[in-house]
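Start at 1 and go down the list; that is how both ligands and their atoms are numbered. These figures come from a predicted structure and were not determined experimentally.
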Amino acid sequence: MRALVTGFDAFDGAAVNASIAAVRRLPARIGELAITTIELPTSFARAPAALSNAIADCKPDVVLCVGEAGGRDALSIERVAINLCNARGADNDGACPRETAVVPGGPAAYFSTLPVVEIADALRAAGLPAEISSDAGTFVCNQVFYTLMRLAATAGHRWRGGFLHVPHAFDAVARPQAGMTLNTITRGIALALEVSAAQQIAA
Ligand code: PCA
């Protein structure tokens, strides 16, 4: 089985994005799962094509997109992606879309097809702060999550996909208000992948 795991480049003036920093620390294999990682640009214009090209190349069974949500203090398994872009600040290309659709005419929302309850339970059982979130925001992370789930729903793919928001990394940001170590974040991502792979095998 193959997993594609994505993280984002740094944005909003930060030097590091905990999502890609933690994703890069993943091993090449987790049990039966071969792991491919890529960095997505924090760009409304470029991220969707980068994601769909990576899926076409990798032919994954599981896709987990990871992004950073500064200020959160738990690993947040996102439940739902909405068809809305509403940026508070500029992305890495200077774009700041307001009240536009991710996909004009697309459904209002898509649910994750990863086992969000089982992932949150497994993370907590391992002693990692975790929550299920119903708000992936309206910036590039939500756009990528919506793009991912729309691909899953419309392109006849058999993979399952979802999104994980992670806090700032204590070891990557000076004095974050809330955060975890990169090591903890990577452990959480690896566990989410294990639980997702187990569900794919059982399906
Ligand atoms: N977080 C942003 C975009 C890139 C990232 O890591 C978000 O939550 O939309």
Side-chain angles (χ1 to χ4, degrees), residues 4-26 37-54 63-103 106 109-112 114 116 129-151 161-174 176-182 184-186 188-189 192-193:
L4 174 67
V5 190
T6 73
F8 284 96
D9 64 357
F11 67 106
D12 200 21
V16 175
N17 187 319
S19 66
I20 189 62
V23 163
R24 285 207 183 106
R25 292 177 167 218
L26 288 168
T37 64
I38 60 151
E39 180 178 288
L40 295 178
T42 303
S43 155
F44 284 104
R46 293 179 285 130
L51 175 69
S52 62
N53 290 340
V63 184
L64 179 64
C65 296
V66 185
E68 184 185 83
R72 295 197 196 183
D73 56 7
L75 298 163
S76 302
I77 324 302
E78 298 293 349
R79 197 199 300 271
V80 60
I82 64 173
N83 194 10
L84 176 69
C85 299
N86 198 25
R88 270 196 305 259
D91 72 6
N92 284 351
D93 296 334
C96 191
R98 293 273 157 78
E99 301 293 339
T100 61
V102 177
V103 177
Y110 286 106
F111 286 118
S112 173
L114 296 183
V116 294
E131 64 189 7
I132 298 174
S133 162
S134 300
D135 183 3
T138 51
F139 195 51
V140 181
C141 287
N142 172 71
Q143 184 212 30
V144 158
F145 185 20
Y146 187 93
T147 302
L148 175 70
M149 301 323 302
R150 183 163 176 81
L151 278 173
F163 199 98
L164 178 71
H165 260 126
V166 303
H168 279 317
F170 282 137
D171 28 359
V173 175
Q177 297 146 321
M180 295 179 175
T181 64
L182 276 180
T184 305
I185 295 171
T186 303
I189 296 169
L193 290 167

Whether the side chain of Thr184 engages the backbone of Met180 through a donor-acceptor N/O pair (distance < 3.5 Å, no angle test) should be reported.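 Here the side-chain-to-backbone pair does not exist.
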
N/O donor-acceptor pair under 3.5 Å between Asn83 side chain and Ala109 backbone: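 Checking the backbone N and O of Ala109 against the side chain of Asn83, no donor-acceptor pair under 3.5 Å is found.
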
Atom indices of ligand 1 within 4.0 angstrom of [X] heavy atoms, with elements:
{"X": "Val140", "value": "9 (O)"}
{"X": "Asn17", "value": "5 (C), 6 (O)"}
{"X": "Cys141", "value": "1 (N), 2 (C), 3 (C), 4 (C), 5 (C), 6 (O), 7 (C), 8 (O), 9 (O)"}
{"X": "Gly67", "value": "6 (O)"}
{"X": "Thr42", "value": "3 (C), 4 (C)"}
{"X": "His165", "value": "7 (C), 8 (O)"}
{"X": "Glu68", "value": "1 (N), 2 (C), 5 (C), 6 (O), 8 (O)"}

Would you tell me whether [X] and [Y] have side-chain atoms, one donor and one acceptor, within less than 3.5 Å of each other?
{"X": "Ser19", "Y": "Asn17", "value": "yes"}
{"X": "Thr42", "Y": "Asp91", "value": "no"}
{"X": "Ser134", "Y": "Arg79", "value": "yes"}

Heavy-atom distances under 4.0 Å are what count here, so tell me which part of Phe8 touches ligand 1: side chain, backbone, both or neither.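 It is the side chain that gets close, since no backbone atom is under 4.0 Å.
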
Just how far is it from atom CD1 of Ile185 to atom CD of Glu68, taken to the nearest 0.5 Å?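 With rounding to 0.5 Å, CD1 (Ile185) is 7.5 Å from CD (Glu68).
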
